[in-house]
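In what follows, a single structure is set out as structure tokens and then discussed.
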Amino acid sequence: MRLTDEEQAMLAGEFGEPRRWAMTHQIQVGEFFDAADLVPIAQAHIMADTESLGPAGVEFLERLACHAPAQRRVRVPTITDPRGLDFASYRRLKQTEAMATIEQRTIDAFTALGVLMTNTCINYQTVLPPVRGEHLAMGDTGVVIYSNSVFGARSNFEGGPSALAAGLTGRTPRYGFHLAAQRRGTRYFVVRDSPRDLTAWGALGAIIGRRTNGYWEVPVIDGIDRAPDSDALKHFGAAMASFGSVALFHMPGITPEFATAQDAFDGPPPAADLLTRDDIDSFITEFAATGDAVDVVVFSAPQLSLMEIARIATLLDGQIICPTTTVIVSTSPEVKSAADRLGLTARIEAAGAIVTQGVCFYQSYAREMAEANGWHRLMSNSAKLVNIISGYGYRPTLSNMEHCVESAIAGRIV
Amino acid sequence: MPTILRCHVGVGPRVVGIALVADDNFSARYDLDRHRGIFSRPGHQLEGQSYVDRILVLKTAKGGVATAWMLHDMAARRLVPKALLFNRVNPILAQGAAFANVALVDRFDGDVTRLIETGQELEVCPAEGIVTIRR
């Protein structure tokens with residue numbers, strides 16, 4: 001890879017050990033993907049929940065944090081994905097003191113590195129939205145696909161170590177979706193029936209993800225009859241990334257890079273893969289378990305916007321959740337603060353639900369929570385969550401927000 | 001007579017081990033019980049099987065970014081595959097393997113899940129982009 005004089009100096013350790021490690025790591029990854037050089041970035045976003053980090057990851061962060069401030073502090077704004085534990089609610093969820101301790105050690109290390117603990121996977125809705133053409137190093141697949149697709153920014157999936165390295169050097173290897181040629185369409189989908197709720201948007205994203213099934217593919221989606229709102233695109237993109245490892249889609253006329261499907265491809269579009277309401281309904285039915293007792297209902301993955309929180313508050317007004325069912329609503333610290341101020345949190349918790357902030361269910365020791373609370377059947381309106389959570393021993397059911405709330409009140413899936 | 005397979009230059013050390021092959025994909029978060037060292041996702045072709053010290057041969061990476069940290073933690077606890085061979089990986093697996101110093105290669109001439117069979121002994125040389133089927 002071509003390196004500037006400054007990058008050579010970082011590699012030689014002239015800017016300290018943290019930046020030497022970071023540059024070494026970025027060159028390894030860049031050479032794996034045949035990157036020609038490094039590209040300056042505007043922001044980095046680090047996924048580093050403590051379940052993923054493990055003790056070894058935390059100790060790695062603590063070693064970096066021991067260096068002098070001039071050597072250890074990030075060079076560009078660097079923020080965090082959801083954490084593994086919310087200190088305000090972890091005991092209610094039967095998470096342990098050991099989990100809280102390792103969480104605090106991680107926060108201390110990141111803070112010493114100059115990282116802003118935003119603890120969110122909806123930073124594009126709540127912190128600093130990306131800009132078209134801006135190069136980024138985003139962790140969290142949902143953040144990457146939204147930043148690339150809806151804003152036209154440029155990021156690869158950056159795992160925690162790589163996002164931290166990008167924060168320390170202010171650069172990332174120029175490969176994949178940093179390159180215009182990689183952003184052209186490769187698959188073509190035509191939607192006959194546009195989704196009408198967030199769950200259906202997630203299901204549509206999941207179906208396209210399954211059929212696309214590859215990071216280096218770029219689906220182009222036609223036929224959407226009106227501009228979806230930000231929450232719809234959030235669920236759509238997060239599910240597509242989860243089911244297919246997809247990092248970029250185009251929705252010509254809605255997303256910014258291409259006005260028509262013809263523009264999105266090198267040459268004429270390939271044969272269209274048609275998607276109907278039956279496809280969406282069939283996908284949701286895969287997870288059906290009507291009549292089963294429901295142990296935990298989760299609204300998360302991605303964290304909820306203020307609008308989603310307000311909708312849940314309205315659905316729960318005057319209701320009491322079944323005592324044998326736990327309801328968890330997860331959002332970012334910014335949205336939680338607004339929900340508190342607007343009285344939404346109080347309305348939700350009056351029904352018996354738990355509103356958590358700065359965490360996301362599957363990043364919060366999901367297996368240990370299941371064992372401690374005796375949870376098996378999980379219900380959610382998030383296609384992304386039901387995809388992830390079965391590996392943690394849950395039996396997931398997917399349904400829309402209204403059915404999830406009705407089921408939580410009944411204590412069984414309606 | 002050893003069979004030599006060529007692939008893109010990878011990351012991590014040269015290793016020798018026994019192959020565990022499936023026509024399926026991989027995510028450390030989605031598919032593994034990392035405490036027990038087995039595939040735990042219902043429906044995964046390797047469900048219930050141990051991945052520890054095996055050379056995993058799979059199609060591609062799927063899902064989220066957690067694998068980047070998880071491989072590092074799995075390596076520290078010595079509950080980690082010996083190497084990872086894929087048709088093509090996403091950045092997360094490459095970043096994770098580089099960080100954890102786990103051998104990883106991809107981009108073979110052909111479908112690697114058909115070129116290698118479970119139980120074969122492999123030598124993986126990431127620096128040269130060569131996998132040798134020894135027996």
Side-chain angles (χ1 to χ4, degrees), chain A residues 24-29 31-34 46-60 81 138-144 156-163 165 173 175-177 209 213-216 241-245 247 362-363 366-367 384 387-393 395, chain B residues 8-12 25-36 38-44 47 59-80 86-101 104-107 126-127 129:
Chain A
T24 302
H25 175 76
Q26 291 188 307
I27 290 170
Q28 275 187 291
V29 174
E31 290 183 341
F32 186 92
F33 289 114
D34 303 315
I46 304 174
M47 197 296 296
D49 64 67
T50 41
E51 183 207 339
S52 303
L53 280 167
V58 177
E59 288 160 13
F60 170 79
D81 207 37
M138 294 300 197
D140 192 295
T141 58
V143 173
V144 173
N156 288 309
F157 288 175
E158 297 273 8
S162 294
Y175 68 91
F177 297 104
N213 195 29
Y215 182 81
W216 308 97
S242 176
F243 279 83
S245 193
Y362 71 91
Q363 294 173 289
R367 186 183 307 280
K384 172 175 178 172
N387 185 39
I388 296 171
I389 210 67
S390 63
Y392 283 96
R395 288 174 288 152
Chain B
H8 194 279
V9 169
V11 296
N25 300 325
F26 179 80
S27 162
R29 188 186 305 269
Y30 290 26
D31 296 329
L32 306 183
D33 182 334
R34 291 170 288 114
H35 301 293
R36 294 198 289 160
I38 61 169
F39 281 84
S40 59
R41 183 182 181 82
H44 196 286
E47 181 185 355
K59 285 162 59 179
T60 189
K62 64 184 178 189
V65 301
T67 301
W69 286 118
M70 286 178 173
L71 278 179
H72 178 254
D73 181 56
M74 290 156 60
R77 290 185 292 109
R78 303 184 189 281
L79 285 173
V80 68
F86 288 85
N87 284 327
R88 193 159 189 203
V89 299
N90 69 8
I92 298 303
L93 264 178
Q95 296 160 3
F99 182 55
N101 196 34
L104 165 71
V105 290
D106 73 348
R107 285 163 282 180

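Sequence lines set the chain letters: A, B, ... in the order given, protein chains first and strands last, and positions in each chain run from 1.
When each of A:Leu53, A:Asp49, A:Thr50 is checked for a side chain to side chain contact (heavy atoms under 4.5 Å, CB included) with B:Trp69, only A:Leu53 meets the rule.
Classification of the A:Phe32-B:His8 ring pair by plane angle, with boundaries at 30° and 60°, yields tilted.
Annotation: side chain of A:Pro161 is not in contact with side chain of B:Gln95 (no heavy-atom distance under 4.5 Å).
Heavy atoms closer than 4.5 Å to chain A are found nowhere in B:His44, neither backbone nor side chain. Both the backbone and the side chain of A:Glu51 come within less than 4.5 Å of a heavy atom of chain B. Residue A:Ala165 does not touch chain B at all, counting heavy-atom pairs closer than 4.5 Å. Using a 4.5 Å cut-off between heavy atoms, B:Val9 contacts chain A through its backbone alone, with no side-chain atom that close. Residue contact with chain A, scored on non-hydrogen atoms closer than 4.5 Å, involves the backbone of B:Ala61 exclusively. Contacts between A:Pro55 and chain B at a heavy-atom distance below 4.5 Å involve backbone atoms as well as side-chain atoms. Within the 4.5 angstrom heavy-atom criterion, no atom of B:Arg77 approaches chain A. Contacts between A:Asp140 and chain B at a heavy-atom distance below 4.5 Å involve the backbone alone (N, CA, C, O). A:Gln26 does not touch chain B: none of its heavy atoms, backbone or side chain, sits under 4.5 Å away. Contacts between A:Tyr362 and chain B at a heavy-atom distance below 4.5 Å involve backbone atoms as well as side-chain atoms.
Taking each heavy atom of A:Phe157 and B:Ile92 in turn, the nearest pair found is CB-CD1, 3.6 Å. In terms of heavy-atom proximity, A:Asp34 sits nearest to B:Arg107 at OD2-NH1, 3.8 Å. Among all heavy-atom pairs drawn from A:Val29 and B:Ala98, the shortest one is CG2-CB, 4.3 Å. Closest heavy-atom contact between A:Ser245 and B:Asn90: OG-ND2, 3.0 Å. In plain terms, the two heavy atoms of B:Pro91 and A:Asn156 that are nearest each other are CG-CB, 4.3 Å. Among all heavy-atom pairs drawn from B:Ser40 and A:Arg367, the shortest one is OG-NH2, 3.9 Å.
If you tally non-hydrogen atom pairs under 4.5 Å between each of A:Met47, A:Lys384, A:Glu59 and chain B, the highest count goes to A:Met47. The greatest number of non-hydrogen atom pairs below 4.5 Å with chain B, out of A:Ala366, A:Ser52, A:Gly209, is found for A:Ser52. Interface summary for chain B: among A:Gly393, A:Ala241, A:Gly159, the most heavy-atom pairs under 4.5 angstrom belong to A:Gly159. The residue among A:Tyr392, A:Phe33, A:Trp216 with the most heavy atom pairs within less than 4.5 Å of chain B is A:Trp216. Ranked by non-hydrogen atom pairs under 4.5 Å with chain A, the options B:Ser27, B:Ala75, B:Ala28, B:Pro42 are led by B:Pro42. Heavy-atom pairs under 4.5 Å with chain A were tallied for B:Asp33, B:Thr67, B:Val105, B:Leu104; the largest tally goes to B:Asp33. The choice from A:Ser242, A:Gly139, A:Gly54, A:Gly142 that makes the most heavy-atom pairs within less than 4.5 Å of chain B is A:Ser242.
At a cut-off of 3.5 Å, with distance as the only test, no side-chain donor of B:Thr60 or A:Tyr215 sits close to an acceptor on the other residue.
Interatomic distance, A:Ser390 OG to B:Asp31 CG, rounded to the nearest 0.5 Å: 8.5 Å.
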Requested in this report: Applying side-chain contact (heavy atoms from CB on, under 4.5 Å), run through B:Lys62 and A:Phe243 and close with a yes or a no.
Outcome: CA-CA 7 Å; B:Lys62 64 184 178 189; A:Phe243 279 83; over 6 Å; no
Query raised in the report: A:Val144 and B:Val65: side-chain contact (heavy atoms from CB on, under 4.5 Å), yes or no, with the steps?
Result: CA-CA 10 Å; A:Val144 173; B:Val65 301; 6.0 Å; no
Requested in this report: Under the side-chain contact (heavy atoms from CB on, under 4.5 Å) rule, what do A:Ile388 and B:Arg29 come out as? Steps first, then yes or no, please.
Outcome: CA-CA 8 Å; A:Ile388 296 171; B:Arg29 188 186 305 269; 4.1 Å; yes
